[in-house]
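Below is one structure, written out as structure tokens; the observations come after it.
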Amino acid sequence: MPLKRKIQELQKKREVILKGGGDAALEKQAAMGKLTARQRIIAMLDPDTFNEYDLFVEHDAKDFDMDKKSLAGDGVVIGTGTVYGAPICIFAQDFTVAGGSLGSAHARKIVKIMEHALKMKMPLIGINDSGGARIQEGVSSLAGYGEIFFRNTISSGVIPQISVILGPCAGGAVYSPALTDFVFVVDKISKMFITGPEVIKTVLGEEISMEDLGGARVHSEITGNAHFYATSEEECFEQIKKLITFIPWSNLKKAKKFPPKEPNPEYDIEKIVPGDPTQPYDVRDVIRCIVDDSDFFEVQEMWAENIVIGFGRMKGETVGFVCNQPIVLAGVLDVDSSDKAARFIRFCDAFNIPIVTLVDLPGVDQEHAGVIRHGAKVLYAYSEATVPKMTVIIRKAYGGGYIAMASRHLRADFVFAWPGAEIAVMGPEGAANIIFRKEIATAEDPDKVRKQKVKEYKDKFANPYVAAAKGYIDSVIEPKETRKLLLHAIEVAGNKAVYLPQKKHGIPPF
């Protein structure tokens, strides 16, 4: 057979496979407002950079008439490409082919690109759009999920792993995204649940829609399983591309450095924080006074809003921010905010990203919900982190919250405090009521004496100078000096090296 005819045969085979489940299935996918697997990959990558592998892989199942069915690419597309010129590995499940169900060959393709990403030290992006395990293949489908979960785990902290939920993600399939670093969802398109609405109706007799059970908003606002929420696939892809500019390609590198920029002058740090410690403010405005171009990329914006996490740049270098948010629950450290902060701290530490902590919290809350165990995750994450750690105490730092939020005692490298900072075991009012209880109770005018004692406690303890006198704070600074001192601290700590006891691994309070 002449080479030309062989090439034509190749082209015909490609044409058939590239149509996925066929014209009818492609039309149905479009009718649901969803792009196809390849369209999604092409939309996310730099133009003309996608190289697909394993296009001709076929399943080898025989039961339930599977031997009579041909599934294009076995329902998943894998390959490599570039984002802003840097290489990445990617896979996308194809819902037009057998509902994107995962069989043995499907899983082998995903595992192959995962192993490629780990070996080549490249980020991995996985687009999930699948009905779950392929029932016709039985335990082989479950084995495929297990192989994927294992590789998610061994890749954790070595390469960034990003999951994009662009369709159903049901049953055991949800555990792979949960093992990755960042999960992206799109309104009205993304669905994640272990037990579907039909099973719930059968077992519990309760009716619930897929959207209410595991839609994008549910996982962005209530469960915390999603890190980024978008209203369209296109917006989602732009979010992913922006995230990639902030993170390194592996744990052996640092994030790409950008040209430094000054913050937007419209943000005046001295006008943002009220002098009255009971008055709230938005800590994101403080961050925008500190970061280059006032550009702050928030993570998990809609969940556990009493703590703010995200990325910014300082002098062109990526920095992770962990900050109490006074406009939500006074910035208190509770169960969800502890989980949110701890995981982000560990990501930054794994990928060589310095951490800036802005502190303003009255303490901890939710005793009966297990805040001890969850708050301990923050203590563990900060203590374990070896990247440069800079802390600024803006106003309140009481009790265990003071210790947990990257205090000197958890080996923060630099700790600064604003002049109005209150650092104490508890708030002045509560402390005065305990210490001077008898004097207040027996006074002729208890309210007057209470106010005097509160002032006495504030003057003696609830200020930054007591901690500064003991060396727990490096410097009491003016708010306008914050960016300058943080920039210097990051530069000084650039070659930081920490030597920890040799061990297999620690045992965090999971």
Check your understanding: Checking side-chain contact (heavy atoms from CB on, under 4.5 Å) for the pair Glu301/Arg284: CA distance, chi angles, key distance, verdict?
Key -> CA-CA 11 Å; Glu301 180 180 356; Arg284 290 171 294 195; 3.9 Å; yes

Check your understanding: Just checking, any donor-acceptor pair under 3.5 angstrom between side chains of Gln161 and Asn152?
Key -> yes

Review point. Take atom CG in Leu500; do more than 12 heavy atoms of anything else shown fall under 6.0 Å from it?
Key: yes

Review point. Mind checking whether Phe311 and Phe321 have ring centres under 6.0 Å apart?
Key: no

Practice item. Taking Ser337 for its side chain and Leu333 for its backbone only, find out whether a donor-acceptor pair lies under 3.5 Å. Key: no

Check your understanding: What is the distance from atom CD1 of Ile307 to atom OG of Ser338, rounded to the nearest 0.5 Å?
Key -> 7.0 Å

Review point. To the nearest 0.5 Å, what is the distance between CG (Leu379) and CD1 (Ile345)?
Key: 9.5 Å

Review point. Ring centres of Tyr472 and His409 under 6.0 Å apart?
Key: yes

Review point. Are Phe347 and Phe182 close enough, and set up right, to give a ring pair (Phe, Tyr, Trp, His ring centres under 6.0 Å), and what steps lead you there?
Key: CA-CA 10 Å; Phe347 177 86; Phe182 299 103; 4.9 Å; yes

Check your understanding: What closest approach, in Å, do Ile244 and Ile125 show between heavy atoms, and which atom pair accounts for it?
Key -> CD1-CD1, 3.9 Å

Review point. NE2/His227 to CD/Gln300 distance, rounded to the nearest 0.5 angstrom?
Key: 4.0 Å

Point to revise | Carboxylate-amine/guanidinium proximity below 4.0 Å for Glu317 and Lys315 | key: no

**Study point:** Ion pair check, Arg343 and Asp181, cut-off under 4.0 Å
**Key:** no

Check your understanding: Ion pair present between Lys396 and Asp360, side-chain N to carboxylate O less than 4.0 angstrom?
Key -> yes

**Study point:** Lys241 atom NZ, neighbour heavy-atom count above 12 within 6.0 Å
**Key:** yes

Point to revise | Heavy-atom closest pair, residues Asp46 and Gly85 | key: OD2-N, 2.7 Å

Practice item. Kindly say whether Leu118 contributes a backbone atom to a donor-acceptor pair with the side chain of Lys121 at under 3.5 angstrom? Key: yes

Review point. Do Phe510 and Tyr380 make the cut of ring centroids closer than 6.0 angstrom?
Key: no

Review point. If you draw a 6.0 Å radius around CG in Asp445, do more than 12 non-hydrogen atoms from other residues or ligands fall strictly inside?
Key: yes

Check your understanding: Going through the distances and angles, do Asp474 and Arg408 end up as a salt bridge (Lys or Arg N to Asp or Glu O under 4.0 Å)?
Key -> CA-CA 9 Å; Asp474 294 300; Arg408 164 74 64 201; 2.3 Å; yes

Check your understanding: Is the closest basic N to carboxylate O distance between Arg346 and Asp349 below 4.0 Å?
Key -> no

Check your understanding: Should the heavy atoms of other residues, nucleotides or ligands under 6.0 Å from CD of Glu456 be counted, would the total exceed 12?
Key -> yes

Check your understanding: Looking at Glu422 and Arg395, does any basic side-chain N land under 4.0 Å from a carboxylate oxygen?
Key -> no

Review point. Hey, is CZ on Phe150 packed in by over 12 heavy atoms from elsewhere, all under 6.0 Å?
Key: no

**Study point:** Aromatic ring pairing Phe416/Phe414, orientation class (parallel under 30°, perpendicular over 60°, tilted between)
**Key:** parallel

**Study point:** Atom pair CD (Glu298) and CD (Glu305), whose distance is rounded to the nearest 0.5 Å
**Key:** 8.0 Å

Review point. Stepwise, does the side-chain hydrogen bond (donor to acceptor under 3.5 Å, both in side chains) test hold for Arg217 with Ser190?
Key: CA-CA 9 Å; Arg217 280 201 168 271; Ser190 307; over 6 Å; no

Revision key, fill the gap. Closest non-hydrogen contact found for Pro362 with Ala330 is CD-O, 3.2 Å

**Study point:** Short side-chain to backbone donor-acceptor contact, Asn352 and Lys253, under 3.5 Å
**Key:** yes

Practice item. Tell me, with the steps shown, if Ile165 and Val183 meet side-chain contact (heavy atoms from CB on, under 4.5 Å). Key: CA-CA 7 Å; Ile165 313 300; Val183 177; 3.9 Å; yes

Point to revise | Flag for Thr357-Tyr382: side-chain donor and acceptor within less than 3.5 Å | key: yes

**Study point:** Donor-acceptor pair, side chain of Gln39 and main chain of Leu35, under 3.5 angstrom
**Key:** no

Exercise for review: State the CG-CG distance between Leu329 and Asp336, to the nearest 0.5 angstrom.
Suggested key: 10.5 Å

Practice item. Return yes if a side-chain donor-acceptor contact under 3.5 Å exists between Thr482 and Trp418, otherwise no. Key: yes

Review point. How about Val164 and Asn128: do any of their side-chain heavy atoms sit closer than 4.5 Å?
Key: no

Point to revise | Separation between CD1 of Ile189 and OG of Ser232, rounded to the nearest 0.5 Å | key: 8.0 Å

Review point. Are Asp282 and Arg288 within salt-bridge range, i.e. N to O under 4.0 Å?
Key: no

**Study point:** Other residues, nucleotides, ligands: >12 heavy atoms within 6.0 Å of Lys496 NZ
**Key:** yes

**Study point:** Neighbour count above 12 (heavy atom, 6.0 Å) for Asp48 CG
**Key:** no

Review point. Between Val392 and Leu485, is a side-chain contact (heavy atoms from CB on, under 4.5 Å) present by the stated rule, with each step listed?
Key: CA-CA 10 Å; Val392 181; Leu485 286 166; over 6 Å; no

Exercise for review: Before giving the answer on side-chain hydrogen bond (donor to acceptor under 3.5 Å, both in side chains), spell out for Asn264 and Asp293 the whole-Å C-alpha distance, their side-chain angles and the decisive distance to 0.1 Å.
Suggested key: CA-CA 6 Å; Asn264 189 325; Asp293 205 29; over 6 Å; no

Review point. So does Glu238 pair up with Lys242, basic N to acidic O under 4.0 Å?
Key: no

Review point. Ring centres of Tyr402 and Tyr398 under 6.0 Å apart?
Key: no

Exercise for review: Kindly indicate, with the supporting measurements, whether the criterion side-chain hydrogen bond (donor to acceptor under 3.5 Å, both in side chains) is fulfilled by Thr80 and Asn51.
Suggested key: CA-CA 5 Å; Thr80 55; Asn51 290 281; 4.7 Å; no

Exercise for review: List the steps and the verdict of ring pair (Phe, Tyr, Trp, His ring centres under 6.0 Å) for Phe258 and Phe246.
Suggested key: CA-CA 10 Å; Phe258 280 66; Phe246 282 102; 7.6 Å; no

Review point. Do Lys34 and Glu233 pass the salt bridge (Lys or Arg N to Asp or Glu O under 4.0 Å) test, and can you show the C-alpha distance, the side-chain angles, and the key distance before you say yes or no?
Key: CA-CA 8 Å; Lys34 297 161 61 178; Glu233 292 194 22; over 6 Å; no

Practice item. Under the salt bridge (Lys or Arg N to Asp or Glu O under 4.0 Å) rule, what do Asp292 and Arg483 come out as? Steps first, then yes or no, please. Key: CA-CA 10 Å; Asp292 292 6; Arg483 173 174 161 90; 3.1 Å; yes

Check your understanding: When you look at Phe296 and Val308, which way does the side-chain contact (heavy atoms from CB on, under 4.5 Å) test go after all the steps?
Key -> CA-CA 11 Å; Phe296 176 58; Val308 170; 3.6 Å; yes

Point to revise | Lys/Arg N to Asp/Glu carboxylate O, Lys188 vs Glu211, below 4.0 Å | key: no

Practice item. Taking Asn306 for its side chain and Val332 for its backbone only, find out whether a donor-acceptor pair lies under 3.5 Å. Key: yes

Review point. For atom OH of Tyr175, is the number of surrounding heavy atoms from other residues, nucleotides or ligands below 6.0 Å larger than 12?
Key: no

**Study point:** Side chain Thr49, main chain Thr82, donor-acceptor under 3.5 Å
**Key:** yes

